[in-house]
Protein chains: 2
Amino acid sequence: MKRPTLEAVAARAGVSRATVSRVVNGQLTVTPQIRDAVMRAVDELGYVPNSAARSLVTQRTDSVALVVSEPPTRVFSEDPMFSTVIRSASLELEAADRQVVLMLAGSPKSHARIERYVAGGHVDGVMLISMHGADPLPAALARMGVPVVSYGRPAVPVPLPYVDNDNVGGAEKAVRHLLDRGRRRIATIAGPQDMIGGQDRLTGYRDALRDSDRRSIVAVGDFTRQSGAVAMRHLLQDDPHLDAVFVANDLMAIGALQALRQAGRRVPDDVAVVGFDDIEAARYTEPPLTTIRHPVSEQAAAMVRLLLGLLRGGPAASVVLPTELVVRDSA
Amino acid sequence: MKRPTLEAVAARAGVSRATVSRVVNGQLTVTPQIRDAVMRAVDELGYVPNSAARSLVTQRTDSVALVVSEPPTRVFSEDPMFSTVIRSASLELEAADRQVVLMLAGSPKSHARIERYVAGGHVDGVMLISMHGADPLPAALARMGVPVVSYGRPAVPVPLPYVDNDNVGGAEKAVRHLLDRGRRRIATIAGPQDMIGGQDRLTGYRDALRDSDRRSIVAVGDFTRQSGAVAMRHLLQDDPHLDAVFVANDLMAIGALQALRQAGRRVPDDVAVVGFDDIEAARYTEPPLTTIRHPVSEQAAAMVRLLLGLLRGGPAASVVLPTELVVRDSA
DNA sequence: AACCACGCTGAGAGCGCTTCCAGAAGTGCT
DNA sequence: AGCACTTCTGGAAGCGCTCTCAGCGTGGTT
């Protein structure tokens with residue numbers, strides 16, 4: 001029971017292979033009658049074009065790689081954002097009739113594999129989700145002539161179009177909100193400084209404070225809940241009188257809330273807390289977390305559109321999406 | 001700047017295309033000298049085989065589809081298990097040098113797309129992650145001669161090898177634990193009954209209770225946190241004297257804890273709670289949640305191995321993995 | 001009536017690879 | 001030295017498709 005080929009359809013419809021090919025590919029230069037006859041033959045035989053044969057001649061594959069670089073701390077794979085990005089990107093690509101080939105870029109070994117794969121022309125383009133700075137993959141892929149886009153701004157300057165959210169602006173918003181509420185000693189728990197999100201959010205914090213005359217109080221975490229709790233304890237030791245803290249992501253903010261509770265501080269009365277990301281769990285903390293929301297799905301969708309544009313020969317114009325302050329009870 | 005072909009490598013190495021092909025595919029019938037010469041030419045030219053041409057003749061694609069059927073409630077995409085399964089399956093497949101094509105099966109429209117895709121021989125096999133019963137996709141795919149395996153037992157009886165965890169046994173363990181602790185009125189918050197996990201965990205609860213003379217008290221949720229809270233309130237109305245509840249997943253258990261707190265019940269003093277899944281958040285609830293852990297990563301890896309076995313012509317032997325009771329403070 | 005132009009179809013080449021088959025070269029034996 | 005046998009390489013076919021190009025038929029024009 002072999003799959004029918006163009007040949008078989010052509011024989012059944014009493015036309016040539018070329019004509020069947022035209023019909024299947026939707027060319028309009030075919031007489032309606034013949035067209036119908038071919039369509040009927042296609043249906044009857046259950047014909048589906050062989051993609052290997054097709055891409056052999058067209059040099060296209062109609063599929064793109066979604067390369068996920070995992071940072072050392074593995075937060076990413078436990079992060080709900082991971083699935084949101086994958087889901088949104090997949091939906092958007094499927095709407096454009098492209099297949100998604102998922103590739104995990106953990107080890108250097110897998111880097112080689114991915115480079116080979118992409119160099120081999122198995123995919124028309126690459127979407128890169130890489131959050132840590134030292135990653136050589138973006139540069140490597142960018143070099144080999146395949147359209148590549150990045151989810152999030154690449155940490156090292158590499159000529160790669162990207163879609164990011166406004167991390168700096170978001171952090172500024174958060175800090176300004178705390179200032180507006182009359183907070184005077186505003187600390188921050190920053191993210192890892194080898195991740196661009198960690199860097200930018202710290203920059204935003206500093207920028208917002210610079211305009212006021214407050215001094216900055218910084219602890220650094222690694223975006224995990226535990227590290228947030230640890231950092232918060234350090235901050236409380238360093239400056240027992242702090243009355244607000246901007247935390248670079250919600251996971252760490254949840255850890256910080258825990259640490260504050262254990263230290264006997266009331267939130268927001270004694271210490272106000274603002275997070276970043278607006279993950280699901282931020283709604284259910286005690287008290288519910290004030291945070292900065294950024295549009296993860298839209299960012300992923302925008303990334304896909306950017307890549308599809310490149311595939312059509314469009315311009316490589318990076319996109320930065322705005323963030324939004326979500327005020328709940330913690331600040 | 002075109003990619004080099006076999007032809008080019010052959011010319012450079014001074015041999016025929018056939019020989020280069022043999023070397024590239026690791027056949028051992030080639031003289032070491034020639035082999036080396038070919039390898040050198042491959043390296044120098046940066047040759048990478050064209051997969052389209054290769055699969056055109058071999059009829060293999062070396063890639064498998066990972067089809068994710070999303071249940072109506074969308075818990076799945078917010079479920080951390082989602083990314084765990086994808087991640088684990090990807091790693092296992094990459095180790096076997098197979099590519100992962102990710103496909104979302106949301107709408108009936110996408111079903112048609114997936115069937116076409118698979119029927120078109122674009123992939124060598126299919127892994128199905130489908131949790132709700134009415135899904136026609138498993139049966140449809142099973143019918144068309146492509147190796148298919150399922151993550152989780154298919155809800156409708158369909159001749160499809162699967163890898164599942166022991167939902168029934170796990171639920172029994174949970175309830176027996178509550179019985180051992182001397183609980184007398186043990187309710188359950190069941191999952192959706194159109195999902196196999198929901199069904200089986202309820203069965204396990206009933207089985208464990210049948211052996212004792214306790215009566216069952218059942219509320220049904222949809223695996224979301226909110227539905228857990230709602231169900232818990234109903235249970236408290238129905239039977240204010242219940243002293244334990246087995247909740248069919250942790251997300252609902254977290255909702256139940258919330259509802260219990262609001263109703264002024266202490267956990268575990270007044271009401272003991274056992275969840276299912278052992279998600280990350282279960283560690284951080286107040287009090288930490290006693291729950292049933294099942295090996296998500298291993299289940300995914302086992303599914304991959306099962307499929308790879310099928311591709312090699314192996315037997316279609318389904319696998320059921322054991323679960324484990326994790327005792328924390330809530331019961 | 002003859003010619004031209006246009007619209008449509010079919011023949012055929014070729015995409016890059018694997019693999020069968022035949023033939024060349026090398027080995028051990030009589 | 002000659003033969004059978006093994007080992008290895010190259011020629012060539014063909015996987016299923018697209019697309020160029022030539023050719024045919026039709027209708028309009030002079």
Side-chain angles (χ1 to χ4, degrees), chain A residues 1-39 41-42 45-63 97 116-117 119-124, chain B residues 1-39 41-42 45-63 97 99 116-124:
Chain A
M1 161 168 168
K2 287 186 74 257
R3 287 171 43 210
T5 69
L6 257 201
E7 190 76 51
V9 177
R12 175 150 198 137
V15 296
S16 72
R17 287 208 319 277
T19 301
V20 177
S21 174
R22 276 187 275 262
V23 171
V24 169
N25 290 294
Q27 290 190 24
L28 339 84
T29 66
V30 180
T31 312
Q33 292 180 19
I34 296 192
R35 207 182 111 84
D36 289 347
V38 171
M39 302 275 256
V42 166
L45 294 173
Y47 171 74
V48 180
N50 178 313
S51 67
R54 177 177 283 174
S55 38
L56 179 57
V57 42
T58 58
Q59 308 280 30
R60 286 181 298 102
T61 62
D62 287 336
S63 61
D97 247 310
R116 270 179 59 87
Y117 189 75
H122 300 58
V123 290
D124 298 338
Chain B
M1 156 167 169
K2 286 184 78 256
R3 285 171 42 211
T5 70
L6 258 201
E7 189 76 52
V9 177
R12 175 151 199 136
V15 297
S16 73
R17 289 209 314 279
T19 301
V20 178
S21 174
R22 277 187 275 263
V23 171
V24 169
N25 291 294
Q27 289 190 25
L28 341 85
T29 66
V30 179
T31 311
Q33 294 181 19
I34 297 194
R35 207 182 110 85
D36 290 347
V38 171
M39 302 275 256
V42 166
L45 294 172
Y47 170 75
V48 180
N50 178 313
S51 67
R54 176 177 282 174
S55 41
L56 180 57
V57 44
T58 59
Q59 309 280 31
R60 287 181 299 100
T61 61
D62 286 335
S63 61
D97 247 310
Q99 293 315 316
R116 271 179 59 87
Y117 190 75
V118 174
H122 300 59
V123 290
D124 298 340

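Chain identifiers are assigned alphabetically (A, B, ...) following the order of the sequence lines, protein sequences preceding nucleic acid strands; residue numbering begins at 1 within each chain. For clarity, every value in this text was computed on a predicted model and none was experimentally measured.
Between the P atom of dG10(C) and the CD atom of Q27(A) lies a distance of 14 Å, rounded to the nearest Å. Residue Y47(A) contributes atom OH, which lies 7 Å from atom C1' of dG16(D) at whole-angstrom precision. The separation between L6(B) atom CG and dT19(C) atom C1' is 12 Å, rounded to whole Å. Going from atom CD of E7(A) over to atom P of dG10(C) covers 12 Å, rounded to whole Å. Between L56(B) atom CG and dC15(D) atom C1' there is a gap of 4 Å when expressed in whole angstrom units. In this entry the distance linking CZ of R35(A) with P of dG7(C) reads 19 Å, nearest Å. When rounded to the nearest whole Å, the span between CD of Q33(A) and C1' of dT9(C) equals 14 Å. dT18(D) atom C1' lies 13 Å from atom CG of N50(A), rounded to whole Å.
Using a 4.5 Å heavy-atom cutoff, the side chains of T58(A) and S55(A) are in contact. With contacts defined as side-chain heavy-atom distances shorter than 4.5 Å, the pair D62(B)/Q99(B) does not qualify. At a threshold of 4.5 Å between non-hydrogen side-chain atoms, the residues V48(A) and Y117(B) do not count as touching. Looking only at side-chain heavy atoms (C-beta outward), V30(A) and T19(A) come within less than 4.5 Å of each other.
Taken from CG in L56(B) to CG in L56(A), the straight-line distance is 6.0 Å, to the nearest 0.5 Å. Distance check, rounded to the nearest 0.5 Å: CD of Q27(B) to CZ of R35(B) gives 11.5 Å.
The side chain of T31(B) places an N or O atom within less than 4.0 Å of a non-bridging phosphate oxygen (OP1 or OP2) of dT9(D).
Contacts of residues 12-25 of chain A with DNA chain C (heavy atom under 4.0 Å): V15(A), S16(A), R17(A), A18(A), T19(A), R22(A).
Nearer to the 5' terminus of DNA chain D, by closest-nucleotide assignment, is the contact made by V30(B) (compared with the other of V48(A) and V30(B)).
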